[in-house]
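For reference, the structure discussed in these notes is given below.
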2 protein chains.
Amino acid sequence: MNERTQSDEPRSARPGQADQANSRERLISCVELLFFAYRDFTNDADRVLEQYGFGRAHHRVLHFVNRNPGLRVADLLDILKITKQSLARVLKQLIDEGFVAQRSGKSDRRERLLHLTSKGTKLADRLANLQIGRIAEAFERAGPGADEVTARFLFAMIGEKDRARVQDLIWGMDQWGTQFDREQQRDQT
Amino acid sequence: MNERTQSDEPRSARPGQADQANSRERLISCVELLFFAYRDFTNDADRVLEQYGFGRAHHRVLHFVNRNPGLRVADLLDILKITKQSLARVLKQLIDEGFVAQRSGKSDRRERLLHLTSKGTKLADRLANLQIGRIAEAFERAGPGADEVTARFLFAMIGEKDRARVQDLIWGMDQWGTQFDREQQRDQT
DNA sequence: CAATTAAGTCAACATGGCTGACGTAAATTC
DNA sequence: GAATTTACGTCAGCCATGTTGACTTAATTG
């Protein structure tokens, strides 16, 4: 514990130990920053949701159905990683209150394909704009290039087994895959 | 698998709009990445906590007390932004089971200064190492310089009013450069 | 001494996870 | 064509963790 107490210059005195300790401190800072960042990230949307009597769980459904119209219930379960019963509780409310609509799949009529109504789209977009606004501002404050680096970091934080699926979900379902090279996210180490 | 998404988005004719739409798409991707990253970030620790009958709330207390020995209850409430009653529930368990110890403040004996026992330290460090490990790996995969950029981004994501306090907590209160103990500072006359 | 402050506690409630069991309709397989 | 599997829904109850409101105790402070 006292390795560093004597040195005025922790970096140069004991290269190996000091760097290691310093790196650990930095990483712990990031743990805490991630906690605070996420805590505040959800704040804006939460306050809007409150006005509708909804919670964060409703938001997630609205978001992913908005982004992936025609999503099946099973797909949504896989994305959210919650149980059918947990999803049902919020999904039922969203359907009953006219934010989400279901259609039977035409090839497999057991499937209930999820869509947002115009009311649902409006709310989902409003919530998204709040989150986008905060993120955009943070990127500006973080300096040029922060968006790409951060996206790579966040992607790398995802559990290995899920990365491919998330990548498909995010960059595979719309048309802008050309601008953001998928290879960038691939294993590069 | 999923024959969904027949959305025909306006692959825009006007150049300015394309950039704007593209930027929006990127930002929404980041919203989703943040969700997935945070979800998986907490996963490793959660599984360990389960073995102790603890949850994420216990983890937060362990973490911040570990990082800031001598923390007052009021400070912890301010960090976690939860109510006294919510904190009490988990704090009581941690004290009863010998992970956290309290001492009365020397200058103000109403204060209960929080510390971890050796048992508590051991668990907190174990949990921290899991999270550090994942973050370190993610930084490597994200490429050089990702740590600094990401830290700046995460910091910028914090609500403006809290930034100063978080900065103090992270870079001022812990053992970055100088050994620094809150209790020592407050109690010295 | 009176008022304020730090902390603890009790009771009740909401949200959003979970498990287990069961139902129903449609698709698939034997 | 019957049996099985699949996709989805639903009921009932448990657990963790957040909330509000009211009240107590002890110590500090004006």
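Just so it is clear: chains get the letters A, B, ... in the order the sequence lines come, proteins before strands, and each one is counted from 1.
More than 12 heavy atoms of other residues, nucleotides or ligands sit less than 6.0 Å from atom CD of A/Gln85. Crowding of B/Lys81 atom NZ: a count of heavy atoms from other residues, nucleotides or ligands under 6.0 Å exceeding 12.
At C/dT15, none of the side-chain N or O atoms of A/His58 fall inside 4.0 Å of OP1 or OP2 (strictly under the cut-off). When the side-chain nitrogen and oxygen atoms of A/Arg60 are compared with OP1 and OP2 of C/dG17, one or more of them lie within a distance under 4.0 Å.
Interface limits on DNA chain D: the 5'-most and 3'-most nucleotides within less than 4.0 Å of chain A heavy atoms are D/dT6 to D/dC11.
When rounded to the nearest whole Å, the span between CG of A/Leu49 and P of C/dA14 equals 18 Å. Between B/Leu71 atom CG and C/dA6 atom C1' there is a gap of 14 Å when expressed in whole angstrom units. For the pair A/His59 NE2 and C/dG16 C1', the interatomic distance rounds to 16 Å; values are reported in whole Å. Distance, B/Glu111 CD to C/dT4 C1': 14 Å, rounded to whole Å. If you take CZ of A/Phe54 and P of C/dA14, they are 17 Å apart, rounded to a whole angstrom. Atom P of nucleotide C/dT15 and atom CG of A/Leu94 are separated by 13 Å, given to the nearest angstrom. Atom NZ of A/Lys81 and atom C1' of C/dG16 are 18 Å apart (whole Å). B/Leu113 has its CG atom 11 Å from the P atom of C/dG8, to the nearest Å.
Among residue pairs with one or both ends in residues 84-96 of chain A, those qualifying as salt bridge (charged side-chain N to carboxylate O under 4.0 Å, His left out) are A/Lys92-A/Asp96; sequence neighbours excluded.
Looking at which nucleotide of DNA chain D each of A/Lys92 and B/Gln93 is closest to, the 5′-most match is held by A/Lys92. Both B/Arg89 and B/Lys84 lie close to DNA chain D; mapped to their nearest nucleotides by heavy-atom distance, the more 5′-ward contact belongs to B/Arg89. Nucleotides of DNA chain C nearest to A/Asp108 and B/Arg112 differ in position, and the one nearer the 5' end is that of B/Arg112. Comparing A/Arg110 and A/Gly53 against DNA chain C, the residue whose closest nucleotide sits nearer the 5' end is A/Gly53.
Partner of B/Leu113 under the side-chain contact (heavy atoms from CB on, under 4.5 Å) criterion, chosen from B/Arg72, B/Gln102, B/Lys106: B/Arg72.
Contact annotation for B/Gln102: backbone-only contact, meaning every heavy-atom pair under 4.0 Å involves sugar-phosphate atoms and none involves a base. Residue contacts for B/Arg56: at a heavy-atom cut-off of 4.0 Å it reaches the sugar-phosphate backbone alone, with no base atom in range.
Checking C/dT19, C/dA7, C/dA27 against the side-chain heavy atoms of A/Gln85 singles out C/dT19 as nearest.
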(request) Begin with the C-alpha distance, continue with both residues' side-chain angles, and end with the deciding distance and a verdict on side-chain hydrogen bond (donor to acceptor under 3.5 Å, both in side chains) for A/Arg112 and A/Ser104. (result) CA-CA 5 Å; A/Arg112 310 290 167 85; A/Ser104 305; 5.0 Å; no

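Note on B/Leu154 and B/Val149: separate hydrophobic clusters, where clusters join Ile, Leu, Val, Met, Phe, Trp and Tyr whose side-chain heavy atoms are under 4.5 Å apart, directly or indirectly.
A donor and an acceptor atom, one from each side chain of B/Gln131 and B/His63, are nowhere located under 3.5 Å apart.
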